[in-house]
Amino acid sequence: MAEAGINEAQNSPAPEAQQTTDGFHLVIDALKLNDIDTIFGLVGIPITDLARLAQAEGMRFIGFRHEQNAGNAAAVAGYMTKKPGICLTVSAPGFLNGLTALANATTNCFPMILISGSSEREIVDLQQGDYEEMDQLNAAKPYAKAAYRVLHAEDIGIGVARAIRAAVSGRPGGVYLDLPAKLLAQTIDAVKGQQSLVKVVDAAPRQIPAPEAVKRALDVLRNAKRPLILLGKGAAYAQADASIRALVEKSGIPYLPMSMAKGLLPDTHAQSASAARSFVLAESDAVLLVGARLNWLLSHGKGKTWGAPVAKQFVQIDIAPTEIDSNVAIEAPLIGDIGSCVEALLEGIGDDFPQPPAGWLDAVAQRKSKNQEKMAATLDKNPTPMNFHSALRAIRDVLKTRPDINVVNEGANTLDYARSIIDMYQPRKRFDSGTWGIMGIGMGFAIGAAVTSGTQVVAIEGDSAFGFSGMELETICRYDLPVCTIVFNNNGVYRGTDVNPTGGADVAPTVFVKNARYDRMMEAFGGVGHHATTPEELTAALLEAIASGKPTLINAVIDEAAGTESGRLTNLNPQSAAMKK
Ligand code: ADP
Ligand code: TPW
């Protein structure tokens with residue numbers, strides 16, 4: 001099969017003296033009409049000309065080395081902007097590579113659209129063996145919020161409109177849009193084509209909560225003796241920053257941010273209870289959840305973490321009604337968009353609304369300062385080689401001076417320690433492994449965040465985590481993006497000290513090449529590499545990277561014995577009786 005037989009991108013506008021248009025043009029026109037200006041993708045049959053045309057028509061096309069990373073970039077762009085990020089791939093294998101990112105976006109409630117070219121329906125449906133044959137639409141369905149296929153050029157406008165609305169309305173998620181090769185080459189009358197395009201009106205309508213639900217929520221909070229507010233990444237996504245801050249401050253209730261909600265209020269805020277996390281989860285008697293699910297990251301809302309057997313009352317704000325009672329009974333569900341729900345609560349909190357009892361606030365404050373003192377002592381140590389704490393202290397002190405910097409973070413120990421040590425000061429600046437605890441988001445998220453914000457990104461990466469997307473260093477260099485990647489190099493997954501119990505030649509399953517120089521990978525593509533063995537060297541390298549804005553990788557040498565198995569999730573590993581001996 002030849003590459004789709006048109007190449008008119010350079011000759012745009014549309015072919016045949018502008019009397020006809022085609023599927024390629026209509027897809028681009030439909031995206032542009034809806035203010036989508038960037039596509040993340042990887043070219044090949046049948047979408048190469050689509051990428052060319054996008055660029056020729058003034059869109060940005062960011063080409064990746066693997067579709068999963070392009071998909072992750074699209075997902076993070078969607079999370080940052082509330083507009084669906086677009087990922088473009090070829091059929092079957094390219095589609096499947098992108099599907100992991102689509103599934104991860106759906107899981108995390110990030111709006112994105114995966115657009116994949118596909119083979120001819122007639123051949124796919126009879127399983128006659130086409131080039132990259134696959135029933136992509138059905139493969140995508142279980143992992144996407146919605147999946148659509150367009151067969152006629154005049155339906156492209158509707159197809160794109162449906163995909164956009166599905167991605168951003170209600171609970172956001174990943175949408176798959178299947179574009180067969182034949183569709184892209186189809187021609188139709190240009191005027192008819194333009195008329196078929198749809199500008200989506202009010203893609204994510206406000207959803208106002210019911211007054212009785214607001215009253216119920218306020219009653220729970222009013223009667224609480226030890227209230228707590230828990231902010232999740234849904235709250236960050238909602239871009240209701242000022243209202244959320246007003247609610248926290250007016251109510252006087254201590255709050256905890258989930259990892260990607262950090263910075264919604266500055267982590268240094270007096271009401272932040274992050275440093276007393278275990279204490280407030282266990283001791284609170286009423287919890288207001290704002291865009292946070294009671295999933296594994298919150299111990300499913302029950303058990304010792306939550307102070308069981310003492311009963312707890314939950315108020316939950318969410319746009320998805322089926323999220324309510326997912327794990328424990330919710331006394332006061334508040335269904336609607338976070339902005340509207342928070343504003344409704346604020347209206348109900350008059351001047352007579354009781355502040356939380358002083359005893360509770362004192363207890364939280366005391367626990368915070370005790371834990372902060374302990375942490376400061378740990379961070380002050382200067383072991384050789386560096387450990388996670390001394391390296392993160394160096395990074396923390398630099399990032400403090402630049403609150404606008406985007407932080408990407410993955411790994412096990414690297415993720416767990418960075419989450420608590422690196423303070424965030426502005427909303428939607430922290431992007432991490434999220435709901436699945438997935439490895440491999442690093443360079444895709446970093447590129448997506450850099451392209452979307454135009455500002456500096458610092459990616460704090462475990463050496464294993466980095467490896468999943470490391471080839472995108474070339475992409476970072478190609479587009480000259482202000483991304484500084486810091487690889488926490490401890491020679492393996494979790495740590496580098498495991499041994500093969502048989503004494504055989506193969507290293508243990510968790511171990512990598514010793515003393516790898518990831519900085520030299522960066523140099524291979526023309527970026528800047530640094531090798532840092534002390535906090536001082538790390539500080540100097542990071543400052544240089546930020547000052548220059550150049551693509552940089554810092555190979556930060558961490559004690560290979562410093563990490564623990566699975567970071568803080570050691571207890572989730574099923575234990576083999578044989579291995580314990
Ligand atoms: P975290 O991992 O930070 O705890 P989750 O991803 O578990 O956060 O939860 C996010 C929740 O926010 C989801 O249940 C989602 O339905 C909800 N959500 C997302 N956007 C909005 C919005 N605009 N309004 C209300 N709820 C939202
Ligand atoms: C797609 C399992 C969880 S954490 C991790 C793996 C492989 C890497 C930990 O080592 P790293 O960090 O990055 O060197 P550190 O700080 O502990 O030294 N495949 C996928 N996702 C997950 N979560 C895994 C495997 C895993």
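All residue numbers in this chain count up from 1 along the given sequence. One-based numbering, in listed order, for ligands and for the atoms of each.
By the 30° and 60° cut-offs, the orientation of the rings of Phe488 relative to Phe388 is parallel.
Inspection of the Asn382 and Ser390 side chains reveals no N or O donor paired with an N or O acceptor under 3.5 Å.
For the ligand labelled ligand 1, residue Gly336 lies inside the 4.0 Å heavy-atom shell. Within the 4.0 Å heavy-atom shell around ligand 2 one finds Phe388.
The protein heavy atom nearest to atom 19 (C) of ligand 1 is Gly234 CA, 3.8 Å. The closest protein non-hydrogen atom to atom 24 (N) of ligand 1 is Ile338 N, 3.0 Å. The protein non-hydrogen atom at the shortest distance from atom 20 (N) of ligand 1 is Tyr237 CD2, 3.7 Å. Ranking the protein heavy atoms by distance from atom 23 (N) of ligand 1 puts Ala238 CB, 3.8 Å first. Among protein heavy atoms, atom 26 (C) of ligand 2 sits closest to Met439 CG, 3.8 Å. Annotation: atom 5 (P) of ligand 1 to nearest protein heavy atom, Arg293 NE, 3.4 Å. Nearest protein neighbour of atom 2 (O) of ligand 1, counting heavy atoms only, is Lys233 NZ, 2.9 Å. Here the heavy atom of the protein found nearest to atom 16 (O) of ligand 2 is Thr414 OG1, 2.5 Å. In terms of protein heavy-atom proximity, atom 10 (C) of ligand 1 is closest to Gly291 O, 3.1 Å. What sits closest to atom 18 (O) of ligand 2 on the protein, heavy atoms only, is Asn490 ND2, 3.2 Å. For atom 7 (C) of ligand 2, the closest heavy atom belonging to the protein is Ser464 OG, 3.7 Å. At the shortest separation from atom 25 (C) of ligand 2 among protein heavy atoms lies Phe468 CZ, 4.1 Å. Looking only at protein heavy atoms, the nearest one to atom 26 (N) of ligand 1 is Ile319 N, 3.1 Å.
Between Arg171 and ligand 1, a contact under 3.5 Å exists for at least one N or O pair. Considering both main-chain and side-chain atoms, Ala465 comes within under 3.5 Å of ligand 2 through a nitrogen or oxygen pair. Polar contact check, Gly492 against ligand 2: a nitrogen or oxygen pair lies under 3.5 Å apart.
Although no hydrogens or angles enter the test, the distance criterion places no donor-acceptor pair under 3.5 Å between the side chain of Asn34 and the main chain of Ile164. Using a distance-only test at 3.5 Å, with no hydrogens or angles considered, a donor-acceptor pair links the side chain of Thr106 to the main chain of Tyr143. The backbone N or O of Ile330 lies less than 3.5 Å from a partner atom in the side chain of Asp325, making a donor-acceptor pair.
In this structure, Arg428 pairs ionically with Asp241, as a charged nitrogen and a carboxylate oxygen lie closer than 4.0 Å. Electrostatic pairing of Glu249 and Arg245 counts as a salt bridge here, judged by a charged N lying under 4.0 Å from a carboxylate O. Taking a cutoff of 4.0 Å between a charged side-chain nitrogen and a carboxylate oxygen, Arg216 and Glu331 do not qualify as a salt bridge.
The residue Phe466 has no part lying near ligand 2, judged by heavy-atom distances below 4.0 Å. Using a 4.0 Å cut-off between heavy atoms, Val493 contacts ligand 2 through both its backbone and its side chain.
Counting only heavy atoms, the protein never gets under 4.0 Å from atom 2 (C) of ligand 2.
Within a 6.0 Å radius of CZ in Arg162, other residues, nucleotides and ligands contribute 12 heavy atoms or fewer.
Here the shortest heavy-atom distance to atom 15 (C) of ligand 1, taken over Asp432, Asp337, Thr322, Asp318, belongs to Asp318.
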